[in-house]
Engineer: 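Below you will find the structure I want to go over with you.
Here is the naming used below: chain letters follow the sequence lines, and residue numbers restart at 1 for every chain.
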Amino acid sequence: MTDTPTTPRVRFAPSPTGSLHVGGARTALYNLLFARRERGTFILRIEDTDVERSREELSEQILSAMKWLGLDYDEGPIHQSGRWELYRAAADRLIAEEKAYRAFETPEELDADRKRADAEGRAYRYSGAGRAIDPGESDRRARAGERFVVRLRMPAETIVVEDMIRGRIEFPPDALDDFALVRSDGHPLYHFCVCVDDADMRITHVIRGDDHLANTPKHVALFQALGAEIPRFAHLGMILGTDRKKLSKRHGAAAVEEWRDAGILPEALVNYLALLGWAPGDDREILSRAEMEKEFSLERVGASPSVFDPEKLLWMNSQYIATMSAEELLARSLKSAPGAIPDRPAALKAIELHRTRVRTIFEMGRALASYASDPADYDADGLKKNVKPETPNQLAKLVARLETLPDWTAASTEAALREAAQEDGVAAGKLIHPVRLGLTGVTVGAPLFDVMELLGKETSLRRLRAFLERTKASGS
RNA sequence: GGCCCCAUCGUCUAGAGGUUAGGACACGGCUCUUUCAAGGCCGCGGCACGGGUUCGAUUCCCGUUGGGGCCGCCA
């Protein structure tokens, strides 16, 4: 009398009509986390039934974004475009069983109906005229070459959806009409393919965006018509832009790859996305994938929409940068470095100097590059603020002193600078700031003497001499 | 317009009848300090509104308001 424990089967089913959206990424993530937690199967399905809009390279793009995020699937990717036989057979069967029917209205006629309804201020519903056509008559007209769409015969009863996140939702029958399953050119339509596939793949839980909630009664009716078991549904709140509208390209940075290119670490993006709608229940914010996979549950997923906050993502990223090994960081920063970077040992030291000072690996790449190439120019405000008439003279004396240093360490250069300052009767800061500017071109950054040690004697002195020339020139 | 969903600091959230309503981001201050960060400490700031139910509502119910979504031979 015990139920056979069916292992959950979930899927992420993006349409390749654009790059992977952060909302899609979160949906994929929740499906994956649910599957791992429940020891189920995560399937990737590409919904490319729309031949006009779907593009192969976009589907590749989605795949690579998922790979980058580490969203691995157990089955797939399965392309709907390769399964037309399945949909055709299902449509034929539904027609034969009179659960669906052919409708012969032309697009123009439907359009006119829609316009009329609009003008009269009432909600448009398909008339259902096709229902009345006798099956024999329908077959004859189809054989005769008349064009038709296939429509589902919607039941005249309230459809109840038990949503795992929202609870019980009722859809009154007059809100739904007999929607189209197959176009007049024979191409199966989205809702139809979704249900045929979910049934075929034995999907047990449909975890998807809230924007599909209103479509769910259609799907329920379809599953019933198909004679398939109805999966459980869980509808996630939308991810919104700061204007509280559904996040889209329009908002900028809605695509996963934009964040990748901005130097966000995949672990950080995944962590951030996981927390957009789900929380472990305690105060932890930084969670490993293992922890998420262990603790994720749909019961703890919220129903309300959430605003995507780039600031918090950046913070999250900096948290990962703070704890990631220098080697790892170096490997990842390499792609972001705009130019040459120092040799490996120096780069690793530079990373330690900058890991708390950057929020993205893009910034880390820049920081690394700054050690390998001399500053091209100097911060204008910095020059104004830190270079006084007496500065070139003080700098010249400092350079002379540094030249004689037998060893070149943070300690020795600091001692030399402080002595020079004392000799001139000025605060060390009077020298530190211009030296930093001369060495790096900017007024902010890692502790100066560590930077000098890392740069080495030769490079440091070369940069300081160049800066000295510059300050003399602007001074006269 | 019809149907549906949502509603705790500016943002992400914890809370599941009795809490000084907790944490995080952001913001402000202090601290550390050669700069900038990071870190530490402190602070600012919230239950949309109105009715019920209840001894007692942020929490349950209804409504209002506000926001969002869906209404194609798109996905």
Engineer: Is it the case that the base of B:C73 and the side chain of A:Ser184 share a donor-acceptor contact (distance under 3.5 Å, atom types as modelled)?
Structural biologist: yes
Engineer: Kindly point out which of B:U11, B:U13, B:C74 is positioned nearest to the side chain of A:Leu189?
Structural biologist: B:C74
Engineer: With a 4.0 Å cut-off on N to O distance, would you call A:Glu328 and A:Arg332 a salt bridge?
Structural biologist: yes
Engineer: From the list B:U34, B:C6, B:C74, which nucleotide is the closest neighbour of the side chain of A:Leu448?
Structural biologist: B:U34
Engineer: Measuring only the P atom in each nucleotide, how far is B:C3 from B:C9? A whole number of Å is fine.
Structural biologist: 29 Å
Engineer: Nearest to the side chain of A:Val149 - B:C3, B:C73, B:A37?
Structural biologist: B:C73
Engineer: Take the protein atom CG of A:Leu213 and the nucleotide atom P of B:G68, then report the distance between them rounded to whole Å.
Structural biologist: 17 Å
Engineer: Within the 4.0 Å heavy-atom criterion, would you say A:Tyr272 contacts the bases, only the backbone, or no part of the nucleic acid?
Structural biologist: nothing
Engineer: Of all the nucleotides listed (B:A75, B:U35, B:U34), which has the minimum atom distance to the side chain of A:Val444?
Structural biologist: B:U35
Engineer: With sugar-phosphate meaning primed atoms plus P, OP1 and OP2, does A:Gly209 contact a base, only sugar-phosphate, or nothing at under 4.0 Å between heavy atoms?
Structural biologist: nothing
Engineer: Starting at CZ of A:Phe171 and ending at P of B:C5, how long is that distance when rounded to a whole Å?
Structural biologist: 7 Å
Engineer: Roughly how far apart, to the nearest Å, are B:C62 and B:C44 at atom C1'?
Structural biologist: 36 Å
Engineer: Both A:Ile169 and A:Glu105 contact RNA chain B. Taking the nearest nucleotide for each, which residue is further toward the 5' end?
Structural biologist: A:Ile169
Engineer: Would you classify A:Asn215 as touching base, sugar-phosphate or nothing, given that sugar-phosphate means primed atoms plus P, OP1 and OP2, and contacts are heavy atoms under 4.0 Å?
Structural biologist: base
Engineer: For A:Glu311, answer base if it contacts any base atom (sugar-phosphate contacts may also be present), sugar-phosphate if it contacts only those atoms, and nothing otherwise; contact means non-hydrogen atoms under 4.0 Å.
Structural biologist: sugar-phosphate
Engineer: Using a cut-off of 4.0 Å on non-hydrogen atoms, how would the nucleic acid contact of A:Leu110 be classed: base, sugar-phosphate, or nothing?
Structural biologist: base
Engineer: Classify A:Gly277 by what it touches in the nucleic acid, base, sugar-phosphate, or nothing, heavy-atom distance under 4.0 Å.
Structural biologist: sugar-phosphate
Engineer: Measure from the side chain of A:Arg300, starting at C-beta and using heavy atoms only, and say which of B:A24, B:C3, B:A14 lies closest.
Structural biologist: B:A14
Engineer: Do A:Phe148 and A:Tyr101 have ring centroids that are under 6.0 Å from one another?
Structural biologist: no
Engineer: B:U13 phosphate, OP1 or OP2: any side-chain N/O from A:Ser306 under 4.0 angstrom?
Structural biologist: yes
Engineer: Could you work out the separation of B:C25 and B:C4 based on their C1' atoms and round it to a whole Å?
Structural biologist: 32 Å
Engineer: B:G72 phosphate, OP1 or OP2: any side-chain N/O from A:Arg114 under 4.0 angstrom?
Structural biologist: yes
Engineer: Would you say the ring centers of A:Tyr378 and A:Phe467 fall short of 6.0 Å from each other?
Structural biologist: yes
Engineer: When we call it a touch if two heavy atoms are under 4.0 Å apart, what does A:Ala446 touch: a base, just sugar-phosphate, or nothing?
Structural biologist: base
Engineer: Does any donor atom in the side chain of A:Tyr87 or A:Asp197 lie under 3.5 Å from an acceptor atom in the other side chain?
Structural biologist: yes
Engineer: Between B:C70, B:A26, B:G68, which nucleotide gets closest to the side-chain atoms of A:Trp315?
Structural biologist: B:A26
Engineer: With rounding to whole Å, what would you report as the distance between B:A21 and B:G45 at their C1' atoms?
Structural biologist: 13 Å
Engineer: Whether the side chain of A:His191 and the base of B:A75 hold a donor-acceptor pair under 3.5 Å is what I'd like checked.
Structural biologist: yes
Engineer: Heavy atoms under 4.0 Å, any strand shown: does A:Pro107 hit a base, just sugar-phosphate, or nothing?
Structural biologist: base
Engineer: Of all the choices, B:G15, B:G23, B:U34, which nucleotide is nearest to the side chain of A:Arg436 once you look at every atom?
Structural biologist: B:U34
Engineer: Looking at every strand, decide which applies to A:Arg147 at a 4.0 Å heavy-atom threshold: base, sugar-phosphate, or nothing.
Structural biologist: nothing
Engineer: Both distances below 3.5 Å, Watson-Crick or wobble geometry, any strand: find the nucleotide opposite B:A24.
Structural biologist: B:U11
Engineer: Which whole-number value in Å describes the distance from A:Lys218 NZ to B:G69 P?
Structural biologist: 16 Å
Engineer: Should we count CZ of A:Arg88 as having more than 12 external heavy atoms under 6.0 Å?
Structural biologist: no
Engineer: Does A:Asp200 pair with A:Arg83 as a salt bridge, N-O distance under 4.0 Å?
Structural biologist: yes
Engineer: Does A:Gly237 reach a base, just sugar-phosphate, or nothing at all? Heavy atoms under 4.0 Å.
Structural biologist: nothing
Engineer: Is the ring centre of A:Tyr30 less than 6.0 Å from the ring centre of A:Phe296?
Structural biologist: yes
Engineer: For A:Pro447, which contact category applies under a 4.0 Å heavy-atom criterion: base, sugar-phosphate, or nothing?
Structural biologist: base
Engineer: Using whole Å, what does the distance between atom P of nucleotide B:A75 and atom OH of A:Tyr190 come to?
Structural biologist: 9 Å
Engineer: Does B:U35 have a Watson-Crick or wobble partner in any strand here, with both distances under 3.5 angstrom, and which is it?
Structural biologist: none
Engineer: Could you give the distance separating B:G22 and B:G46 at their P atoms, to the nearest angstrom?
Structural biologist: 12 Å
Engineer: So, is A:Arg244 close to the B:G69 phosphate, meaning a side-chain N or O under 4.0 Å from OP1 or OP2?
Structural biologist: no
Engineer: Scan every strand shown for a Watson-Crick or G-U wobble partner of B:G1, both distances under 3.5 Å, and answer none if you come up empty.
Structural biologist: B:C71
Engineer: Suppose we call a contact any N or O donor and acceptor under 3.5 Å apart; does that hold for the side chain of A:Arg166 and the base of B:C5?
Structural biologist: no
Engineer: Taking the P atom in each of B:G63 and B:U59, what is the distance between them to the nearest angstrom?
Structural biologist: 15 Å
Engineer: With respect to the phosphate group of B:A75, does any side-chain polar atom (N or O) of A:Arg45 fall under 4.0 Å of OP1 or OP2?
Structural biologist: no
Engineer: So A:Ala303, base contact, sugar-phosphate only, or nothing? Heavy-atom distance under 4.0 Å.
Structural biologist: sugar-phosphate
Engineer: Tell me whether A:Arg401 is salt-bridged to A:Glu423, with the criterion being a basic N under 4.0 Å from an acidic carboxylate O.
Structural biologist: yes
Engineer: Given B:C73, B:G22, B:G39, identify the nucleotide with an atom nearest to the side chain of A:Asp283.
Structural biologist: B:G22
Engineer: How would you label the contact of A:Ser318 with the nucleic acid (heavy atoms, under 4.0 Å): base, sugar-phosphate, or nothing?
Structural biologist: nothing
Engineer: Can you find an N or O donor on one side and an acceptor on the other, under 3.5 Å apart, linking the side chain of A:Lys312 with the base of B:A24?
Structural biologist: yes
Engineer: Above 12 or not: heavy atoms from other molecules or residues under 6.0 Å from CZ of A:Arg153?
Structural biologist: yes
Engineer: Between the base of B:A37 and the side chain of A:Thr356, is there a donor and acceptor pair under 3.5 angstrom?
Structural biologist: yes
Engineer: Could you check whether A:Glu299 gets within reach of a base, just the sugar-phosphate, or nothing at all, counting any heavy atom under 4.0 Å?
Structural biologist: nothing
Engineer: Regarding A:Arg208 and A:Thr216, is there a side-chain donor-to-acceptor distance under 3.5 Å anywhere?
Structural biologist: yes
Engineer: Check the distance between B:A24's C1' and A:Arg284's CZ and give it to me in whole angstrom.
Structural biologist: 14 Å
Engineer: Using atom C1' in both nucleotides, what's the gap between B:U31 and B:G67 to the nearest angstrom?
Structural biologist: 42 Å
Engineer: Between B:C5 atom C1' and A:Arg168 atom CZ, what is the distance in whole Å?
Structural biologist: 16 Å
Engineer: Sort out the partner of B:C41 for me: Watson-Crick or G-U wobble, both distances under 3.5 Å, none otherwise.
Structural biologist: B:G29
Engineer: Mind calculating the distance between CG (A:Leu329) and P (B:A38) to the nearest angstrom?
Structural biologist: 16 Å
Engineer: Quote, to the nearest angstrom, the P distance that separates B:G2 from B:U20.
Structural biologist: 45 Å
Engineer: Paired with B:U58 by Watson-Crick or G-U wobble geometry, both distances under 3.5 Å: which nucleotide is it?
Structural biologist: none
Engineer: From CG of A:Asp197 over to P of B:A75, roughly how many Å is that when rounded to an integer?
Structural biologist: 13 Å
Engineer: Is the phosphate of B:C70, meaning OP1 or OP2, less than 4.0 Å from a side-chain N or O of A:Lys246?
Structural biologist: yes
